[in-house]
Every structure is written in C-alpha cells, then in structure tokens.
Amino acid sequence: MSLQAPILEVDGLRKVFRGRTAVDGVSFRVAAGECFGLLGPNGAGKTTTIRMLYGFSPPTAGTVRLFGMDLGRDWRRIRARIGVCQQDNTLDPDLSVEENLLVFAGYFAIGRREAAARAAELLEFFALTPRARSRVMDLSGGMIRRLILARALVNRPDLLILDEPTTGLDPQSRHQVWDRLEKLKASGLSAILTTHYMEEAARLCDRLVIVDRGRILVEGRPGELIRKHVGRQVVEIGGPDGALREYLKEQGLPHDDLGERILLYTAGDDGRVAAVREHFCLRRCTFRDATLEDVFLRLTGRELRE
Amino acid sequence: MIRWDAISWRFLRVWRRNFVTFRRIWKVNFLTPLLEPVFFIAAFGLGFAGLLGEVRYGGAAFSYPAFLAPALIAAAVMNNAFFETTYASFVRMYYQKTFDGMLATPLSLEEIMLAEIVWSASKAAAAAAIMLGVLSLFGLLLWPGALLVIPLAFLGGIAFGAIGLFFTGIVPTIEMFNLPIFLFVTPMFLFSGTFFPVSNLPLWAKPLALSFPLYHLVELCRLVCLGRSETVAFLSLGYLAVFAVFFTILALFFMRRRLIR
Ligand SMILES: Nc1ncnc2c1ncn2[C@@H]1O[C@H](COP(=O)(O)OP(=O)(O)OP(=O)(O)O)[C@@H](O)[C@H]1O
Ligand SMILES: [Mg+2]
C-alpha cells in the first residue's frame, strides 16, 4: 500500500473566513484502498477541509492533489471520479428516490440506460428498491442517509468523501450503513470520513487524524493511537479521595482527574495499578479496555465547543 | 471572478432536472397560461366593452382585447421567468441546497446558474406558446407571424430570468423579494404599454417606460401579433439582448459571491 502513489495529497491547507481561521495548515496523504478518518470536536474545521477537498471552497492557502492531478486546474476530471456525501441533506425533494439517482447521474454525463442500470443496482444494494418511487420527504432518516450514499456512488467513484454519514441515525440504521461501507471498502474503494462516533472511526478507518481548531493534533492507526496516548486499559474510579490522588502523583501514574471521577490509564500488567485496584477501589470502580474516545478526549480536552 | 471557461453544454443537465420536476406537475403548470388570458379577455372584452372603444396604436385602430392580447403574453413571460429565478431558485439554493449537491459533481457554478436562467426562459416560452393558442381561438392574432412570439418570449425570459437571479444573489432573505417586485415588476406591468399605449403617457414619463425591458417585449409582441409597433424593432431587440447579457453577467457574479465561501 505504501508503495503506491497516494490518491489524495493535501499540503498546508488553510482557510480563513473574514479573519477567522477555520483550517490552519493541514497536510495528509491517503493511499489507494485506504479509509482515512478526520475526527475533531464541533467547529474543528472538518467540513471546511472536506469542502476544499472536492473543490467547493477555494483554499486560502495550500494545495490539494487528487489522483495525481491538481484540484485547481483539473477540478472537473477530479469531480467525475469522486463521490461526495455532504453533511447537509442535499437530496432533491422535488424528485422521487429513483429520479434523484437518475438526475444526479446526468450531472456526470452518464447515459440514460447506464444510469437506470446503476440506479437499480444501488437501490438494491442500499435496500431502497421498494421505495424507488417514493418522495424523498416520505423517507425515514436512515433511508435518506442510504440514498445520499447511493447517490454518491452513482458515478462509480474511486474516492468516497463522507462528512458525518451516520449522524442522527438510530443504532440499527448506523450498523446498516457501516455494513455497506465495509462492503465497499472490501471491494477496494478508498474513502475519507468524518465522524463524531469514535466506534465508527475505530471500526472503519485504517488511519485517522484528530483535528482541533483547524490543526492536526495526531495522526496514526486507531490501535496505535490508543496504545500511545492512553494505554491498554482504563480504570474509572468514582468518588476519589485525597489518598488516591496522593498515591497517583507519587507513583507518576498517567491519569485524568475529572473531580468526581479519576481515569487511570494503564499499559497492562502494572503492579501499581493492581495496588490501586486493591486499595482504592472500594466504592465505584470500572475496568475497561481503552478506546479511541479516551484518546480523543485526552487530546481535545473535555470542555464544550462553540 | 466569473469563470467563463467553466461553461459547457453540461448546463443542459441542470435544465433537464428542472424539466423533470416541471413535468411532474405539468397540469398545474399549464393551468395558469391556459386560463389567465381567458380571464383577462373576458374581463376587459366583456366588462369594459362599453367603456373602452377602439385603441389607436401605431397608426391603426384596434379593439381593446386585440390591443391587450400580445401584452398579456409579454407580461406572462416576465412573471414566469422572474418568479422562477427568484422564489423558485431561492428555495433550491437556500432551503433544498440543490446547488450545493450539484457542486459536488463535474458541474460548475456558472453552468448551474446559466441553466437556471435558460430554464426560466424555457418555461416562459412554453407559457407564451400556450397563451398564443388560447388567444388565437379568440381570433385576436395574426398568423403565422404570431408564432415569432415564442422566440421573443425566450429572449425576454432570459432578460427577466437573469435579473431575477441577480436579485436572488443579493437578497438576504426570501421575504425581501417583495422589494424588487413592488419597485420593479409591478410598475413595469402597469406602465409598459401593457394596458394603454405609451404614446398616451405624458412626456416626462416616456423615458421611464422606454427603460423598461417589458415595454420592449410588449412592443415586439405587438409587432408580430398585430403588425404594428411604436418602437423600432431592432432597437427593442437590441435593448432586450443587452439587458439579458448584462444581468446574466451580474447574476453569475453575485451568485458566485454568495455560494462559494
Ligand atoms: N461559511 C463560513 N463563514 C464563516 N465561518 C465559517 C463558515 N463555515 C464554517 N465556518 C467556521 O469555521 C469553523 C469550522 O467549521 P466546520 O464546519 O468546518 O467545523 P466541523 O469540524 O465540520 O464541525 P461539526 O462537527 O460541527 O460539523 C467554525 O468555527 C465555523 O463557525
Ligand atoms: Mg462539519
């Protein structure tokens, strides 16, 4: 994979809105067949970055190259090869489910017969065939998302760009979308994905970056990031007392003090952690595996954004 | 700022999208141009029959319904094109985010906007064609010259669609369309020689009428439908063409400024 030329190269990307910096020097590469995640709190600049990737927003500075072509010059050829699933619902409410796909295929100059074949195939893949003639407005949230995904695939893209594809979905719908995305990934499709669900990122992304205030904080594989920034296990200790705090400080154990709770991070067999479990876990204590969410919260802090 | 090199025939794909939605409710869409002329001719032809004698226009005398008929078509062209690129385009742009979706495909913003304008002109020309048929049943038009109303309607549609889209590029909210309608569309509808010859206006008001694109469209429609006109046809055509090009450029400029951030 590393030998192949990257299909997406982003260098020093910046976006300033009337004096406010939304994206502040972002660089990354995505290899063919890879699923790349873009994580970050609200307002981190994910959507702004994504919009620059498909040539919707002109960057204030920096370059985007896709499939070896420059986005500024070859935008039309590039857009013909990508599928975009925007954060907002941009489906056409004036059209039926099927017409949405057919008309969209027209924007890619796909012939009618070919478009009809692809629409039928995609409706089937996303379990929308029975609703082909429904109005978009009559669809459930999950169906709308699936239709947006189907529409993004109508041009058989080489790269799928997904801005929060599962936000607002119930667990059933989310799992269904994940299932489809995994199938697409298995077929070799490259993707770039933003999400607020760490479970989704850990499951789908080969590699990811966590961005905050327009800058990349870390980059890596989900498992690596967890081991590096958190460890293997987390001990959540409720109602901690002074003695525990004293002990943790003394031993220099990595932890976060949330006041009502202390999160203790551990790489595995550590006698000191065992000691904590023995002596300080008299009341509420939970032991669990470290997750990407721990990484995210450790790196971006716990205070609210926006 | 407008990228002229980004305009290709692909804009017809966007035109087709509007055509597909139009077709869905074609019965409703055809009702207005079918019935509107009947209402107007009935009201003015029957209701005013005793009050209004003949109208002297372009050196000849016409019955009032005959005088009115071509102007009704011209006014419908204005309304169809202007309302399409104001309210309808605004809804697509702002509420439905249709243009945002299109901008993720190989379409350029210029193509999308051009398609909106051309679509509004096509819709106006279709309405004009239907009205032409209805008004012919009353025996009010000269055939086959009246058929030229259709290309004229298309040209006028471009002019009114372009200025409508220009307003869509600058209004902050959809309610603000009231302003251009009150200050631009309504005065034009009343004072473009639609209901009375502009030659009847006092001298000071004439230049104002002369600046109205609807006036020139009305005159051109009368020329092809009645064989008479009070303007020089080539000047009126030229004015409409320049108006159309000027506001198409402004519309592309302001829509780009509005949408691309
Ligand atoms: N068109 C715009 N004009 C001005 N500021 C903008 C514009 N679009 C985004 N911003 C600002 O840029 C910053 C980044 O926004 P962006 O939408 O990229 O965040 P995000 O990471 O996608 O957030 P979320 O998770 O909420 O979708 C925010 O502070 C936002 O207010
Ligand atoms: Mg976003």
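The chains referred to below are lettered A, B, ... by the order of the sequence lines, with proteins before strands, and numbering in each begins at 1.
Neither the backbone nor the side chain of A/Ile161 comes within less than 4.5 Å of any heavy atom in chain B. Neither the backbone nor the side chain of A/Asn155 has a heavy atom closer than 4.5 Å to any heavy atom of chain B. Neither the backbone nor the side chain of B/Arg23 comes within contact range of chain A, judged by heavy atoms closer than 4.5 Å. In this structure, the portions of A/Ser96 lying under 4.5 Å from any heavy atom of chain B include both its backbone and its side chain.
The distance from the CZ atom of B/Arg13 to the CZ atom of A/Phe104 is 13.5 Å, given to the nearest 0.5 Å. Rounding to the nearest 0.5 Å gives a distance of 7.5 Å between CZ of B/Arg16 and CG of A/Leu102.
Of all residues spanning residues 254-261 of chain B, those with a heavy atom less than 4.5 Å away from chain A's heavy atoms are B/Leu259, B/Ile260, B/Arg261, arranged by number. Applying a 4.5 Å heavy-atom cutoff, none of the residues of residues 151-184 of chain B approach chain A. Interface residues of residues 95-118 of chain B toward chain A, defined by a heavy-atom distance below 4.5 Å and sorted by number: B/Gln96, B/Lys97, B/Thr98, B/Asp100, B/Gly101, B/Met102, B/Leu103, B/Ala104, B/Thr105, B/Pro106, B/Leu107, B/Ser108, B/Glu111. Taking non-hydrogen atoms and a 4.5 Å limit, the residue list of residues 61-84 of chain A in contact with chain B, ordered by number, reads A/Trp75, A/Arg76, A/Arg79, A/Ala80, A/Val84.
For the set A/Tyr54, A/Phe56, A/Phe17, the entry with the most heavy-atom pairs within less than 4.5 Å of chain B is A/Phe56.
Between A/Asp94 and B/Arg24 no salt bridge is recorded (no basic side-chain N to carboxylate O distance below 4.0 Å).
Within a 6.0 Å radius of CH2 in B/Trp4, other residues, nucleotides and ligands contribute more than 12 heavy atoms.
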